[in-house]
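This one's a predicted model, so the numbers in the text were calculated from it and none came from an experiment.
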Number of protein chains: 2
Amino acid sequence: MEDYQDYRLFQELSLLLDHADRLVLRQFRLNTLQYNALLLLDPDEGWRLTDLSERLLCERSTVTRLVDYLESEGLIARSPDPGDRRSQRVTLTAAGVARRREAQAAIEEAIHRRFSVLNGEEEQQLIAMLKRLRAVVSAEIAEKETASPEASSTPS
Amino acid sequence: MEDYQDYRLFQELSLLLDHADRLVLRQFRLNTLQYNALLLLDPDEGWRLTDLSERLLCERSTVTRLVDYLESEGLIARSPDPGDRRSQRVTLTAAGVARRREAQAAIEEAIHRRFSVLNGEEEQQLIAMLKRLRAVVSAEIAEKETASPEASSTPS
DNA sequence: CAGCAACAATTGCAATCGCAACAAATTGCG
DNA sequence: CGCAATTTGTTGCGATTGCAATTGTTGCTG
């Protein structure tokens, strides 16, 4: 009955959170996706672009341009994959570690302030609900995407 | 302590929901914003573009182009505001009502399926938490936006 | 009434991102 | 081995959106 109210609230809060994050990250010359990538990356262990795209829930082409930008900022370094000449390994530079540390401090301060309106028990409930929702929506997407990209068949 | 987990889950679910909605709305040649606009509009009572932008949480320029598109699809009509030559009034056409009805049926079916993993009590809790979060984040944005856009002053 | 600030809508521009097409490299199967 | 299918990353293109500047209108104030 309140499904729709949940949905609208969730949608609106998404927009607001995106906007608020942009305001925070702007001073570090990062957008949300770039920041999330920095969080994942590591100075030692190199990530492949394809793995980054799967983790960040975006297209490979988006990761290409994301990596182009972070590289131009000197925050990451591309290096060839020793075992596969198609692949590249992306690692954090010292500047990347520093920039991530600054941005992370600002973002996590903001996050903490926002979620301080919930108590510990509520957070647990929220996490549990969000996980269940994530599972359903993931399944819905998987179902829809295996349905259309192939099989223009309608076979007998 | 779990603030960050909440946040990441929320962010990920936002991406998934956006993606899932796009898959549903694509068949009606609408994106999420266009659909939300159709929900607001009415065959009789005309909306001003500025009011739409505030309701949809986007820029006025975005609404201009949104209305351009919906008009080109024949779903809405622009008419001059009788009392103010600066304004325009936007109303739903019959085709707009029909398109909205189809899209709404599909979307609400999907929403209902997604939120069926929560029971009534959980939905109430979720709504309450989302409302509190919305309030904090709104306040945060308002604070940040009144801080920077003006006052490059640092006066004596 | 003249001037000016505020407001409605639009346009230009840049940033962002998904999708499709592509080149290079790798894998697998006959 | 040899060739087809798959995989990795890139590029072209279009769609979407925010921000700043602009035009035309309104309303307030001296």
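- Running 5' to 3' along DNA chain C, contacts with non-hydrogen atoms of chain A at under 4.0 Å begin and end at dT16(C) to dT26(C).
- By the salt bridge (charged side-chain N to carboxylate O under 4.0 Å, His left out) test, Arg60(B) is found to be paired with no residue, residues two or more places apart in sequence or in another chain being considered.
- For the ring pair (Phe, Tyr, Trp, His ring centres under 6.0 Å) test, residues two or more places apart in sequence or in another chain that qualify with Phe10(A) are Phe10(B).
- One interatomic measurement links the two molecules: CG of Asp81(A) to P of dG9(D), which rounds to 8 Å at whole-angstrom precision.
- With sequence neighbours excluded, no residue forms a salt bridge (charged side-chain N to carboxylate O under 4.0 Å, His left out) with Arg65(B).
- Look at Thr50(A) and you'll find a side-chain N or O under 4.0 angstrom from OP1 or OP2 of dG9(D).
- Here the C1' atom of nucleotide dT11(D) and the CG atom of Asp68(A) are 11 Å apart, to the nearest Å.
- Every residue meeting the salt bridge (charged side-chain N to carboxylate O under 4.0 Å, His left out) condition with Glu71(B), not counting sequence neighbours, appears here in chain and number order: Arg78(B).
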I'd like a list of close polar pairs between nucleotides 13-16 of chain D and the protein, N/O only, cut-off under 3.5 Å.
from: dT16(D); atom 1: OP1; to: Asn31(B); atom 2: ND2; distance (Å): 3.2

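- Contact of the Tyr7(A) side chain with the Asp3(A) side chain is not registered, since no non-hydrogen atoms from C-beta on lie closer than 4.5 Å.
- Not a single ring pair (Phe, Tyr, Trp, His ring centres under 6.0 Å) links Tyr69(B) to another residue, sequence neighbours left out.
- Here salt bridge (Lys or Arg N to Asp or Glu O under 4.0 Å) pairs that include residues 84-94 of chain A, with residues two or more places apart or in two chains, are Asp81(A)-Arg89(A), Asp84(A)-Arg86(A).
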Seminar exercise, completed: Its contact letters, B for base, S for sugar-phosphate only and - for none at protein heavy atoms under 4.0 Å, make nucleotides 1-6 of chain D read ------

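- Contacts classified as salt bridge (Lys or Arg N to Asp or Glu O under 4.0 Å) and involving residues 93-107 of chain A (residues at least two apart or in different chains) are given here: Glu73(A)-Arg99(A).
- Under the rule for a salt bridge (charged side-chain N to carboxylate O under 4.0 Å, His left out), the partners of Asp21(B) that lie at least two apart in sequence or sit in another chain are Arg114(B).
- Near DNA chain D, meaning a heavy atom under 4.0 Å away, the residues from residues 51-63 of chain A are Arg60(A), Ser61(A).
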